[in-house]
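Residue numbers start from 1 in every chain, and the chains themselves are labelled A, B, ... in the order their sequence lines are given, proteins ahead of strands. No hydrogens, no waters, no symmetry mates; every other heavy atom, side chains included, goes into these values.
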Amino acid sequence: MSDNGSVPFQSHYMPNTPAQRAVMLEALGLDSIDQLFEDIPSEHRSPSLNIPPPTSELELRAELEAMAGANRHTGAHASFLGAGVYNHFIPSMVKPLITRGEFLTSYTPYQAEASQGTLQVAYEFQTMVCSLMGMEVANDGMYEGASSLAEAALMACRVTGREEICVLNTVSPTYREVVETYALPQGLKVTTMDAVRPRLPEGAACLLTQYPNFYGYMEDLEAHKVAAQERDALLVVSTDPVAMGMFRPPGEFGADVVTGEGQAIGVPMSFGGPFIGLFATRKKYLRQMPGRIVGRTVDSEGKTGYVLTLQTREQHIRRERATSNICTSQALLALASAICAAALGKQGLRRVAELSYHKAHYAASLIGRVAGYSFPIRGTFFKEFVVKCPASPSVINERLLESGIIGGLDISHVMPDCMLLCVTEMNTRGQIEALAGALSEFSR
Amino acid sequence: MSDNGSVPFQSHYMPNTPAQRAVMLEALGLDSIDQLFEDIPSEHRSPSLNIPPPTSELELRAELEAMAGANRHTGAHASFLGAGVYNHFIPSMVKPLITRGEFLTSYTPYQAEASQGTLQVAYEFQTMVCSLMGMEVANDGMYEGASSLAEAALMACRVTGREEICVLNTVSPTYREVVETYALPQGLKVTTMDAVRPRLPEGAACLLTQYPNFYGYMEDLEAHKVAAQERDALLVVSTDPVAMGMFRPPGEFGADVVTGEGQAIGVPMSFGGPFIGLFATRKKYLRQMPGRIVGRTVDSEGKTGYVLTLQTREQHIRRERATSNICTSQALLALASAICAAALGKQGLRRVAELSYHKAHYAASLIGRVAGYSFPIRGTFFKEFVVKCPASPSVINERLLESGIIGGLDISHVMPDCMLLCVTEMNTRGQIEALAGALSEFSR
Amino acid sequence: MNTVDNNRKLLMEQSVPGRVGTVLPDLDVPEQPLPGQELLRDEVDLPEITEPEIVRYFTNLSRMNFSIDTHFYPLGSCTMKYNPKINDEAAFLPGFAAIHPQQPVGQVQGALELMHHLQNYLAEITGMAATSLASLAGAQGELCGILMIQKYHRDRGDGDRLKMLVPDSAHGTNPASAAMAGFRVVSIPTDENGNCDLEALKKEATPDLAGMMITLPSTLGLFDPTIVEVNRLIHEAGGLVYADGANMNALLGRVKMGDLGFDVMHLNLHKTFSTPHGGGGPGAGPVCAQPNLQPYLAAPVVEKRAEEGPERFVLSTPEKTIGKVSASHGNFGVLVRAYTYIRTLGDAGLKLVSENAVLNANYILAKLKDKYLLPFDRPCMHEVVLSANWQKAKGVRGLETAKRLLDYGFHAPTMYFPLTVDEALLIEPTETESKETLDEFIEAMRAIDQEATENPELVQNAPHTLPVRRLNEAQAARRPDLRWERKE
Amino acid sequence: MNTVDNNRKLLMEQSVPGRVGTVLPDLDVPEQPLPGQELLRDEVDLPEITEPEIVRYFTNLSRMNFSIDTHFYPLGSCTMKYNPKINDEAAFLPGFAAIHPQQPVGQVQGALELMHHLQNYLAEITGMAATSLASLAGAQGELCGILMIQKYHRDRGDGDRLKMLVPDSAHGTNPASAAMAGFRVVSIPTDENGNCDLEALKKEATPDLAGMMITLPSTLGLFDPTIVEVNRLIHEAGGLVYADGANMNALLGRVKMGDLGFDVMHLNLHKTFSTPHGGGGPGAGPVCAQPNLQPYLAAPVVEKRAEEGPERFVLSTPEKTIGKVSASHGNFGVLVRAYTYIRTLGDAGLKLVSENAVLNANYILAKLKDKYLLPFDRPCMHEVVLSANWQKAKGVRGLETAKRLLDYGFHAPTMYFPLTVDEALLIEPTETESKETLDEFIEAMRAIDQEATENPELVQNAPHTLPVRRLNEAQAARRPDLRWERKE
Ligand SMILES: Cc1ncc(COP(=O)(O)O)c(C=O)c1O
Ligand SMILES: Cc1ncc(COP(=O)(O)O)c(C=O)c1O
């Protein structure tokens, strides 16, 4: 033990020992590994590296637990925070399945015969996304909800050959930012418009909507479809897949592209990622779709099998003319969503949606009775709603935290004194009543 | 949702639906499932069952977390409790491997060709136990340490044809109780004797010892071997496998049977189980050994394979003349131990032992400096030691808990005012110094 | 294939000097003097191997197993039902997995509360007065129960009741446990209907009778309709009756063993209550007893105090306990899983278990009895015993039929058990399998019967598609090779 | 075999009306009025299937994959190294997995601290000034970097620099990303040594040059010794240089990209920093920049305030940011894994990574170059590109060689990439493979070469031992079947 510091560091992740490396070097006719790096300009070779020294798993675990312990999480707190990332039930079978090494540590399934597991899962995922959205085709997933919407806007411009993207002001502000990041540099135009009877300019490529919208309310997709159609623009709808358990899917309203954040089905919130972007469209736009697509086929003996297909759309074949630059996406999370969706199944997804609906409306009914709180938005909401508060939402949230409650999103920068509250099946009646109780301390 | 109460309960664990069951009943020519239960005396059929109704995973998880949260655990506390169950480092690879369905949900490997994974693991485990103990043969594991020792005593009686079991008074009191539970009803005699120069009576079957002993100190196995040999009795040694990382193994002292509690290598403390009993002996006693044994052989094409072997010792073949009644044992924990032992490897196990040794001795040196504390036992200890305290150990432990410390075992019923303290590589210097600091509050 | 073959290299054969599998902390306290060299060992012969190699090795080993998560596994007498994932999740909660059995009870009230609930649930399910969760598997539960009977007799001055009856169809652990307690075991034959031979039983109802061990339903998968009479006969002769409850999957919510006159019994949580079998354990074999035997239960049991307080739940030792059977309180991690299972299914779910388990077994019986000899032509319980005697006549043994099933992607039934049935194939589908799976299994069994006629060699040499062909068990036993040894 | 075939039944094909996969709670609040029927849907076409079936289905699906945990996976350009289990354990800690991205920063200081450390580590490793962790994969990192270059030029009134150079060997994402940002992509050829063709480069160094994207080491596995000169030429022409850092596994601790003159780059945490690839993601593609581009980094970045306090770490928006590229702060779960990896290996370990990765690749090169054409006969970095041209002459294509490797239990190398090498086989062993494994792989490659001579059909029709034979990709593309549909 005493000579611990002096022995060269041997990593438990790298099998080759110094003795073996010597043998290998000999096979190369070299004296030292440094000789393999001689293409590097000598003045820049082997710089100092100011990184902490190797750490044992035991110590590192303690450090990680301390850092994780410094965060307030839903394991120990009731939470009413949503706004695109949701605390929904994940059945216990999801984790042991997605962490199976064969799923977790395989690459994108380029080598189809050695990747039938991953490929068949992708086909299941595509099927599920189509079902949820009421659409004809879906890809195997994008990064997450916002960039998925941005890609839909780009696709709409390609399909229509136009350059103006119209976005409703009820679409998540962050989603709109991401659309701008993707679209503006290419010279596309992004126009925000009021969600009430929007009128698209001539030459608009698409109308981007969110359903339920950022504030939790159901958009009038029927009207928006008419508005888009008037200009031959595509109707793009960004959704919450859990809402699809009870509400009419965008496909039934004639949506041309449906995107969404898949996180709510089977993926932990993880401070915002990794998540899974949903992307579905009509068959006629198939060859303009971004992302990976898996197809069913047969092998040389006629047996069913699955392969990556329509790859000529993709960057590794089409390069600068690809439909997107996306390569690595979020396959493991698509798997998690597929397992969770299967576990919930036809009855379960509806039940999750309905539980969320009833609980959210119950919360609203309690809060509505507290003097000083009001609902600035009318309409049908799903599991989120906006409350105008008698005090600053950030002050209220601090008070809630003392009761072990993570409060709603402070949206006072867009709607003064307003808070966006979210209630799901994870919130018990006790939690909802505790929330209402704590809020009533601010009543006027 | 409203009709939720009225639909018959459908379990997510049972695929057959009422409609399918009707089809199956029809195939049987029956009208109702009740007809299959007609052999049950009618007056006792379908009694009331006072068990809570089905619970959703979501609610049950909350309930379980609350119950688990009501316990003080080493995730949140420093612990100095040992006494046969130890808080040692378990590498993170153990859990994802042992929870792979193929290991977790398979049966005892009676069907060898379909169980090569489990069987090869067993062979690895047997190899590892032999190496640790310095013995010739080992089985695939017993229930846990105490009953393993009891089975060794029974085996010694079988082998020698004798009926008196001698046990040192330094063997864990609980272990001695278990030996008595197993031995006395059969008419065997259990005699406890002083560990200092024990003298076995004529006709003794064996001498049971513990190494390190219950109080943490290394027994003089050389002397005990002589004492046993004088009477042609078997020397049986119960060990802590972690100690085998640095101390001479019992095999080198001529032990005839070595048992032990394998928990310390790779198995969480889990309030005392499931654990894994170690059992090794000399080749000549092989056919008297209890438990499952796996052997290497070849298949019909000459390929290496593994099978359960020497099964004629076991209950399913030999019935009332079996060497033990043991059937289901603790295979999954043997797997955990095998993985952990491989991960620690030759260097790591020694290091864990040495870290524990140095830290325990450092703790003792600090406590020894506090007035009022003394060490009633002399000798070499490994990671545990006995401290005589200036106050009641239970009072001290209550105080320690306030500082987030789970104290040592109160052994005042066998040694007045004494506490058995354990220190392992999991205890940081900070924790050790906090312990000594808190103890000094009671100094005299 | 390379991967499989390679994977047969043992850890010590993969070991390379200098490799490490994990990195441990530096010593953070002053180094202490080591003991004398005579106490220290040279080195331990453990592998030197890195984490990637270990993970790949064990992952690939696992892939050579059949299991419930991958295959239908109708192994009779083993109740290989699906093991819910939430059960494992619960057992791994830090508040359960990282607690020490010797912590003062005030620190572990949650764990004790769970155990207390479980004791009550099991007592309720069995119709018994009390439960001890101490025993670690079915066989240890049997031993406990038999020791309880023994102590009961001794306490009443009836110490020379030294005979224990065991049906000839009993699981091997039954006679072995009775013998381990020092009893003389007498075998009771099964009659032609598969029930207890009452005449034989009566003959053994002598004054030295300590009791009888009865498996219900029996290992033939049959519920003995004379069971109340059997129990009465034993009681009349002054004996007590032990129930082997390993087959309770057939009876959950359908009958309580206590109502039938049993005095004491064990349950196999790793069967009926769906804790995973782990390739051969861990299990748990709680013992439930009637009031007469309750004071003898193995220690400890959990008691709930009447008054509220920080030590509401305590560990206690039954008054006349047979003692402790392990160093701790039982296989707690298994108990957590069983508790979770019972709470999940609840009253309604538990009843569905037995219904579906029994229906599934009878469905197999009905669909196979024209191709495989059915020794007892009556409805079975949760498992059905068939015989491969007709196939044997064609030159194909039961063992071969079983191995051939592996090629079809099904685990084999239990073979040659119970011993009383020639070429026995004991098939237990459990309630967690679908009709579709049963139909496929039935089809495979029928196909194998046809193969036995048309191509017996195909069956005789099975399996053909597994990582190894038929293994030489005789050689394994003749020249035991039980551990890796360094070649000189 | 039955199991595999059966398993090809899709979930919807296994669905049976009435089955449930999980049980949800009863409503514990008063029922609320539902919205009008016109807003509600009839039913969702999701499967009805139970937990045992789901677990068996996905478990068996997984078993049809090759993966790092089961196989050597020398897929070039993908850095398929071992993914340590502690990394996953860390990411699943409730304090990391159960936090919401919109919680006030005071509630998530631990998460922000981790991100802040990681930003610094990555900046130090690359020799850059600052890091944004926002981008979710390599390609998105590229897009960010290219947008930064674009905005930099525009801010300087240089907005008509519209040309982006990309070597012909570049990964497809490079030209695709540049195009996505609106640049005109011009391909630069590789010279006969595998380096950048300087003459061609100079010709393109025109006033409309925005910059160049360079992969280092290149996708040919080569370190371009003229790199400093290349970067100088671009800078001289007023352009900026983007480094594709996907191949950093070769260079950890050996050279800092910042020292070589690169302006901005991305890293693939799911390659170099060993976060698992998950069958195609998630990844993370942090972007590191020099001071000139730092203000343009994607939002948010984590800042540490000088003063202590409950909001020590905050999220901030770089002054001239290109904006947000996702709704949240990056793939946090992936960041946790990469952080854990860097802390585990530390300075010494990171240096060992590149040493072993490069040595392993060169060892393969040395042992195979007599049997497979080596297009660039010089030491490679972490991967080696071979060509199956000699085999092609015998009638066996690179694709077939690759598929045949699957039969030997090895994943195939990357085929037909880089596009500039005929019949390319790009082999990347990584540092986590042992010499023994490399030797077996080399042996297999040599055996396949021999098979190509002696039994070309064997190779041409490979694979022979996998769950499916060669799949018909043409049919898949011609008649797309992309989702299950109910048969009418
Ligand atoms: C009928 C019966 N009794 C007893 C046992 C013994 O149980 P265990 O294996 O848990 O010791 C078993 C199982 O093997 C059994 O099937
Ligand atoms: C050289 C190179 N650049 C860029 C990428 C793109 O990275 P990602 O797949 O994370 O988008 C890859 C990986 O596919 C790569 O190999």
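Between the side chains of C:Glu43 and B:Gln347, no donor-acceptor pair of N or O atoms lies under 3.5 Å. Inspection of the B:Tyr182 and C:Gln140 side chains reveals an N or O donor paired with an N or O acceptor under 3.5 Å. Checking C:Asp481 against B:Tyr123 by side-chain atom types alone, a donor-acceptor pair falls below 3.5 Å. Side-chain atoms of C:Lys403 and B:Gln111 include a donor-acceptor pair closer than 3.5 Å. Donor-acceptor pairing under 3.5 Å is recorded for the side chains of C:Ser177 and B:Asn325. A donor and an acceptor atom, one from each side chain of C:Asn65 and B:Thr118, are located under 3.5 Å apart. For C:Gln103 and B:Asn71, the side-chain atoms include no donor-acceptor pair closer than 3.5 Å. Side-chain N/O atoms of B:Asn16 and C:Asn360 include a donor and acceptor closer than 3.5 Å.
Judged by the 6.0 Å distance and 45° axis criteria, B:Lys95 is positioned over the aromatic ring of C:Phe92.
Side-chain rings of C:His100 and B:Phe271 stay apart, their centers remaining 6.0 Å or farther from each other.
For chain C, no part of B:Arg321 is nearby; none of its heavy atoms comes within less than 4.5 Å. Using a 4.5 Å cut-off between heavy atoms, B:Val85 touches chain C through backbone and side chain atoms alike.
Salt bridge B:Glu63/C:Arg343: present, at least one basic N to carboxylate O contact under 4.0 Å. A salt bridge is absent between C:Lys324 and B:Glu180; no separation between the charged side-chain nitrogens and carboxylate oxygens falls under 4.0 Å. For the pair C:Asp69 and B:Arg100, the salt-bridge criterion is not met [side-chain N within less than 4.0 Å of a carboxylate O]. Ion pair C:Arg483/B:Glu124 not flagged as a salt bridge, since none of the NZ, NE, NH1 or NH2 atoms sits closer than 4.0 Å to an Asp/Glu carboxylate oxygen.
With C:Tyr73 contributing its side chain and B:Tyr107 its backbone, the two residues share a donor-acceptor pair below 3.5 Å. Of the possible donor and acceptor atoms, none in the side chain of C:Ser67 sits under 3.5 Å from a partner among the backbone N and O of B:Ser106.
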